[in-house]
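All heavy atoms count here, side chains included; hydrogens, waters and symmetry mates do not. Bear in mind that the values here come from a model prediction, so they are computed numbers and not experimental data.
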Amino acid sequence: MEVDKWYRWRMALSSVRESISFLSQSGACEFQLLAKDGIYLTDAPRTVPAIILSPGNKADVAVRCSKVGQEYMNATDLAFDPKFGGFNPETQFAQDSPPKYQDVYTSVGNFHDPELQPIVMVIDVVSAPETKEPDGDLEPFTVPTPCYLVDLRELNETEIEIGHFINEYWCKNPGQGNAVALPPDGTYWPSRTTPDDTCGVFGPYGVGGGLTPRMENLIPYSNSSTYINDFEVGSIQEIDLVGVLFHPYHQHINPFQIQEVFNNADASVDPDSYTAEAVKSWYQVGDWQDTLQLPALKVIGTNDGLSRQTAVKVRFQVDQFTGHMLQHCHLLFHEDQGMMAQYDMRGDEGTTWDGARDIDRTCIKPTTKKGLYNVGKDKLRLCEGDCGDDRDCAGDLVCFTREDEESVPGCAGEGKPGDDYCTVRPSDTYLSYTREGENLGRCEGNCGNDDDCGTDNHGNDLGCFKRRGFDPVPGCDGLGAKDVNYCIL
């Protein structure tokens, strides 16, 4: 890597057992988190002191090193009580397990014992050309948001219906009774689990772990026609993930957003839940994931549901697709023992939640790419042309202006050279003219004066830029409409 230059690391942890956290040994390399599990952060870039990955996790991180020479990326431990297994699945095998089960592969450093392999990799940081200026700090940025990823944190349950479920994984020793409790010797599952156990998800159907989980409600995966809950496509669902200190929860199809972190009986947020600064910065309320294991959380040693272990509340849209939606522990030896289940997604294929545009009117709805074609009528639909400006397009579509045969975002084909076509607004800096002024957003028109402009996504006041003809609009993309004024920073 060249010194003082930003590089984008795209990482995926394919481990089936171990999780990992690593940092720059000397601190000469800085990390800026951009995305997790393929979804950009809403506050990107975010400074993080360490990179944290559980089995199945993905991350995009910008890395810049300020010192020439070899820089070691070292595995680091995180503060948690090792008797609970935490991010070290090897400890989840009891000492009295058959010998063949105790030989767990240990060549990778992990949270519990980074010394197993303290050096993850070595970066050779080389000098830059003398004429080259160092890269500056990264600027905050946003990206166009698909409607299935709009922020769900402010939804009011008195106004919309939200489904609820409690997901809790567990394993049962051969011959174990129905109690779920701390054994008399003070040990606690999963530190005594063995590969001969039966694992599963707590039922009953549609309820989940509830407040008093019992072993008779432990449901191992059995076949493709057995479900743990059903969801209606186009709905909002909420799941309390109990025990994610131990088990990385992964669900297919629909990613989920972190809403709250709980660790006591009244389900209030406790800022001390996180016992490591690296964890606080990596996992934040509002982040989207498809796999979540939250290390370094407190464990409450009682037996009254959500207070028994720290839980994380997540929400997601059940978007478009009907049929089977698999969920499982991403420690795959647990999955093999039955720690997986299915949700049944019911309803009409293609249905989406109709409240997304109320939260973000610029979010991108799902579309099948259409070919460009000319129809010559008012209120043109997606990929239809030739439009003169945004007012010729239906709804929130914009008129994408072209000089020749430039590609039109969201559409296929070349169309007629020089003709303009209606499409989804490519970004929040693309000029848009669909209404007259009042609380207009960035790069939106038509404004008469500054009072017609609102604020940008970061709360900054916007002003009205008055232009003649097709004068360039500072900070905005696209040609826009002739003689129309637009709001800018």
Side-chain angles (χ1 to χ4, degrees), residues 9-23 31 33-39 41 46 48-61 73 75-82 84-92 104-114 116-117 120 167-169 190 193 199 201 239 241-252 255-258 261 273-285 287-297 299 309-312 314 326-337 339-340:
W9 290 4
R10 311 198 78 172
M11 294 167 283
L13 185 62
S14 58
S15 167
V16 300
R17 293 185 183 273
E18 304 287 2
S19 302
I20 194 168
S21 173
F22 64 91
L23 46 70
F31 301 138
L33 182 60
L34 307 177
K36 293 189 293 182
D37 291 342
I39 302 172
L41 305 182
R46 180 191 301 166
V48 293
I51 292 172
I52 302 175
L53 297 169
S54 293
N57 272 147
K58 300 169 289 294
D60 289 60
V61 180
M73 297 293 157
T76 180
D77 61 348
L78 295 175
F80 67 94
D81 189 336
F84 292 118
F87 265 49
N88 180 29
E90 315 172 18
T91 66
Q92 298 179 9
V104 181
Y105 190 70
T106 59
S107 66
V108 177
N110 56 59
F111 290 171
H112 178 64
D113 187 3
L116 288 175
Q117 182 181 310
V120 177
N167 191 86
E168 183 169 8
Y169 295 129
T193 189
C199 300
V201 182
I239 299 179
L241 303 177
V242 181
V244 285
L245 166 61
F246 309 126
H247 307 287
Y249 172 86
H250 172 62
Q251 70 178 36
H252 294 197
F256 50 83
Q257 185 186 36
I258 299 174
V261 177
S273 296
Y274 307 95
T275 61
E277 184 61 35
V279 178
K280 291 182 183 180
S281 58
W282 191 270
Y283 301 96
Q284 292 191 9
V285 170
D287 289 354
W288 288 87
Q289 315 258 169
D290 66 26
T291 303
L292 179 62
Q293 183 179 20
L294 198 56
L297 290 173
V299 175
Q309 298 173 12
T310 303
V312 178
V314 301
L326 192 67
Q327 59 108 314
H328 61 88
C329 173
H330 226 297
L331 301 178
L332 298 188
F333 66 99
H334 280 169
E335 181 190 36
D336 290 345
Q337 292 173 259
M339 200 176 282
M340 59 188 292

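- With hydrogens and angles ignored, the 3.5 Å screen pairs a side-chain donor or acceptor of Asn57 with a backbone N or O of Thr291.
- A side chain to side chain contact (heavy atoms under 4.5 Å, CB included) with Val314 is found for exactly one of Asp287, Leu241, Asn167, namely Leu241.
- Going from atom CZ of Phe333 over to atom CE of Met339 covers 8.5 Å, rounded to the nearest 0.5 Å.
- Annotation: side-chain contact (heavy atoms from CB on, under 4.5 Å) contacts of Asp290 (sequence neighbours excluded): Asp37, Lys58, His250.
- From Leu41, atom CG reaches atom CH2 of Trp288 across 13.0 Å, with rounding to the nearest 0.5 Å.
- Using a 4.5 Å heavy-atom cutoff, the side chains of Ile39 and Pro255 are in contact.
- Between the side chain of Trp282 and the backbone N or O of Ile52, at least one donor-acceptor pair lies under 3.5 Å.
- Centroid-to-centroid, the aromatic rings of His328 and His334 stay 6.0 Å apart or farther.
- The side-chain contact (heavy atoms from CB on, under 4.5 Å) check on Leu23 picks up Ala50, Thr76, with sequence neighbours excluded.
- When every heavy atom of Met11 is checked against every heavy atom of Val61, the shortest pair comes out as CE-CG2, 3.6 Å.
- The heavy-atom pair separating Leu53 from Leu13 by the smallest distance is O-CD2, 3.4 Å.
- From Cys199, atom SG reaches atom NE2 of His247 across 7.5 Å, with rounding to the nearest 0.5 Å.
- The closest side-chain heavy-atom distance from Trp9 to Asp60 is not below 4.5 Å.
- Between the side chain of Tyr283 and the backbone N or O of Gln293, at least one donor-acceptor pair lies under 3.5 Å.
- Rounding to the nearest 0.5 Å places OH of Tyr169 at 9.0 Å from CE of Met340.
- Using a 4.5 Å heavy-atom cutoff, the side chains of Phe256 and Ile239 are not in contact.
- Remark: Pro49 engages Ala278, Ser281 in a side-chain contact (heavy atoms from CB on, under 4.5 Å) (not counting sequence neighbours).
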